[in-house]
Structures are given as structure tokens and as C-alpha cells.
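Data first, discussion second: the structure below is written as C-alpha cells.
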2 protein chains.
Amino acid sequence: MKKYIDMFKALGDRNRLRILLMLRVRPLCVCEISEVLNIALSTVSSHLKILRNTGLIEDNKDGRWVIYRLAGGNEFFDEIMGAAAAHFEKDTQVIRDRRIIQKISREVCASKLNEKTNGDLG
Amino acid sequence: MKKYIDMFKALGDRNRLRILLMLRVRPLCVCEISEVLNIALSTVSSHLKILRNTGLIEDNKDGRWVIYRLAGGNEFFDEIMGAAAAHFEKDTQVIRDRRIIQKISREVCASKLNEKTNGDLG
DNA sequence: TCTATATTTCGAATAATATAGAAATATATT
DNA sequence: AATATATTTCTATATTATTCGAAATATAGA
């Protein structure tokens with residue numbers, strides 16, 4: 001029972017649900033997710049940890065980046081997402097997130113985060 | 001999107017999930033639910049309010065009792081429960097809860113709550 | 001090796017949620 | 001009407017979650 005409660009808890013946060021829907025487009029690094037959600041890297045990292053512990057996502061290192069992707073093989077999660085897919089396809093937030101994902105890359109978003117830190121020069 | 005987040009939040013609490021699974025056995029009054037979960041009536045009432053606001057349960061008055069039941073007609077919720085049904089059927093907590101439900105009635109649980117308040121006289 | 005980059009962990013502040021008990025409300029019974 | 005019962009609302013408190021910034025860790029490249 002706990003397993004299911006944890007999964008519902010994981011899905012019951014707006015930012016985490018957005019992350020999962022974003023990962024349906026393509027695998028993403030932490031700074032890309034941070035860019036789309038517009039929240040701190042450390043916050044993204046903690047959400048990713050929760051999703052990983054729930055078995056919903058997996059990660060692998062690629063150079064200095066950590067790339068996150070949907071875990072796959074979770075039948076229950078697939079059924080949930082399948083049942084809600086039609087709704088999410090039409091969701092304005094999801095559409096907006098996807099549009100941003102298509103514009104960014106792991107190389108670009110990193111430098112953008114730098115700009116912010118050093119004061120907006122651009 | 002909010003609608004789905006609210007539903008996941010509603011399902012992401014152990015007591016609320018137990019309530020929903022209990023209501024699959026039969027409609028229950030508030031004091032019966034309080035008896036099974038072993039938590040305060042006011043707490044049960046607030047959980048029921050959340051589940052009702054999420055559209056997962058409905059209620060009707062029967063004398064001085066308020067009887068709660070699964071709402072029905074919620075396709076997404078039905079799919080979730082269907083997908084998890086096999087697991088919950090085997091869950092020891094769910095089995096225990098059902099066993100208690102079969103032993104109690106709205107008339108009996110009310111008097112039991114009274115005993116507690118007046119000190120356990122046996 | 002030193003520096004820059006990407007991520008994670010840690011610590012603290014804030015916000016949200018769950019809980020219980022007391023008071024209020026609604027209904028049934030006498 | 002008065003009393004008992006069932007539930008809800010209100011208030012306060014305790015627990016849990018979310019968030020950020022700073023410090024720590026890990027990797028890449030000069």
C-alpha cells in the first residue's frame with residue numbers, strides 16, 4: 001500500500017507532474033528542467049530524487065550532465081498516464097512546457113543560468 | 001491539470017486511500033469510518049470533505065447519519081482503482097479493514113464511541 | 001593542477017497538511 | 001420543549017513538504 005501512496009504523493013505535486021510530462025518529450029538534464037519550471041536547481045534536484053525513489057524516473061551521467069528519463073516498466077504508472085493522456089495533451093501548461101523544451105538544450109540553459117547569477121547583462 | 005493534481009493529492013494520504021477502499025465494500029457513516037481508522041471524528045470529517053470536493057465520494061443523509069459512498073462516473077478514478085485492484089485485494093491493511101467493516105454497524109459504532117468518551121467501562 | 005561547469009547535499013525559512021478537542025449544527029426520540 | 005446522537009466547523013498544534021542559497025561533490029577542459 002505504501003508503494004502506491006508514495007506514487008500518488010509523487011504525482012500530487014505540480015512541479016513533479018510537469019517534470020514527468022516533460023520527460024515524455026525527451027530525456028532532460030537538471031538545468032533544462034530548472035529552466036522550464038523556473039525554480040532553483042536544488043529544488044529540481046530534490047524533486048528528481050523523490051521521483052527516482054518512487055521508481056518513476058532513471059538517470060545516467062553524460063559528461064558533467066546527469067540526464068533524467070522516464071523509467072519505463074512501471075505498468076501502473078503507464079496506465080495512469082495513458083488514462084490521463086488525452087487531457088494533458090490539451091493542457092496549456094503542458095503545451096507551453098513542450099514549446100520551451102524544443103527551444104533549449106543542455107549547453108544553452110547552463111549559460112543562461114550563469115547570466116542570471118552574474119546579473120542580467122543580456 | 002489542477003483537477004488531476006488534486007485527485008493525486010487526495011489519493012496520496014493513507015487514511016483517505018483506506019476510506020476509498022472501505023467504501024468499495026459498502027457505504028459507511030462517519031462514525032463507522034472513525035471506528036475502523038481509529039482517528040477522531042473531526043479528522044474523518046475533514047478527509048471526507050476533501051474526497052467530496054475532489055468528486056470521489058458522495059453523501060446522503062439517513063436520519064441523523066450521513067452516509068458516504070463512492071461517487072461513480074469518474075472514469076479516471078475507476079481506471080486507477082482497476083489498475084491497482086489486484087494489489088489492494090492482497091493488502092493486509094485492506095483485508096483487516098474489511099474484516100472490521102463486516103463486524104460493525106452504524107448503530108453499534110456510535111455507542112462504542114460513547115464508551116471511550118466516558119472512560120472504558122468494558 | 002587549476003578553473004569552470006553541473007549537480008547534489010545541507011541548513012533554514014516558509015507554507016501546507018493532518019490531527020484532535022471544543023463548540024456549533026442538525027436530526028431523532030422522549 | 002428537552003435530551004441524546006451524529007456530524008461538521010472552528011481553533012490550535014504538530015508534522016510534513018516545498019523552497020532557496022550556500023557549501024560540498026563530481027566531471028571536463030585548459
Open item on the list: If you only use heavy atoms from C-beta on, which nucleotide in C:dT8, C:dT19, D:dT7 is closest to the side chain of A:Val30?
Closed with: C:dT8

- [ ] Find the distance A:Trp65:CH2 to C:dA4:P and express it as a whole number of Å.
- [x] 16 Å

TODO: Return the orientation label for the A:Phe8 and A:Phe76 ring planes: parallel under 30°, perpendicular over 60°, tilted otherwise.
DONE: perpendicular

Task: Between P of C:dT7 and CD of A:Glu107, the distance in whole Å - done: 11 Å

- [ ] Measure the CD-CZ distance between A:Glu89 and A:Arg24 for me, rounded to the nearest 0.5 Å.
- [x] 6.5 Å

Task: B:Val66 and B:Cys29: CA distance, side-chain angles, deciding distance, side-chain contact (heavy atoms from CB on, under 4.5 Å) verdict - done: CA-CA 6 Å; B:Val66 178; B:Cys29 70; over 6 Å; no

TODO: Could you pick out which residue, A:Arg64 or B:Ser42, lies toward the 5' side of DNA chain C when each is mapped onto its nearest nucleotide?
DONE: A:Arg64

TODO: May I ask you to evaluate whether B:Asn15 reaches the phosphate of C:dT19, defined as a side-chain N or O under 4.0 Å from OP1 or OP2?
DONE: yes

Task: Atom pair CG (A:Leu70) and CD1 (A:Ile57), whose distance is rounded to the nearest 0.5 Å - done: 8.0 Å

Open item on the list: Heavy-atom nearest nucleotide on DNA chain D for B:Leu48 versus A:Val44: which residue maps closer to 5'?
Closed with: B:Leu48

Open item on the list: The side chain of A:Lys61 is closest to which nucleotide in this list: D:dT27, C:dT19, D:dT19?
Closed with: D:dT27

- [ ] Measure the spacing between CG of B:Asp97 and CD1 of B:Ile95 and express it to the nearest 0.5 Å.
- [x] 10.0 Å

TODO: With pairs defined as Watson-Crick or G-U wobble and both distances under 3.5 angstrom, please note down DNA chain D as a dot-bracket string, | for pairing with another strand.
DONE: ||||||||||||||||||||||||||||||

Open item on the list: Whole angstroms only, please: what is the OH-P distance between A:Tyr68 and C:dT7?
Closed with: 8 Å

Task: Contact under 4.0 Å: A:His47 side-chain N or O vs D:dA17 OP1/OP2 - done: no

- [ ] Measure from CD1 on B:Ile19 to C1' on C:dT19 and round the result to the nearest Å.
- [x] 13 Å

Open item on the list: Is A:Ser45 close enough to C:dT8 that one of its side-chain N or O atoms is under 4.0 Å from OP1 or OP2 there?
Closed with: yes

- [ ] In whole angstrom, give the distance that lies between atom NZ of B:Lys49 and atom P of C:dA20.
- [x] 17 Å

Task: Integer-rounded Å distance: D:dT9 P and B:Ile50 CD1 - done: 12 Å

- [ ] Take the protein atom CD of A:Glu35 and the nucleotide atom C1' of C:dT5, then report the distance between them rounded to whole Å.
- [x] 16 Å

TODO: Could you walk me through whether A:Arg52 and A:Asp59 pass salt bridge (Lys or Arg N to Asp or Glu O under 4.0 Å), step by step?
DONE: CA-CA 8 Å; A:Arg52 180 152 31 78; A:Asp59 64 284; 3.2 Å; yes

TODO: In plain terms, say whether B:Arg106 and B:Glu32 are close enough for a salt bridge, that is, a side-chain N and a carboxylate O under 4.0 Å apart.
DONE: no

Open item on the list: Considering every strand and a 4.0 Å limit on heavy-atom distances, what is the contact class for B:Arg16: base, sugar-phosphate, or nothing?
Closed with: sugar-phosphate

Open item on the list: Output the rounded distance in Å from CG (B:Leu41) to P (C:dA22).
Closed with: 13 Å

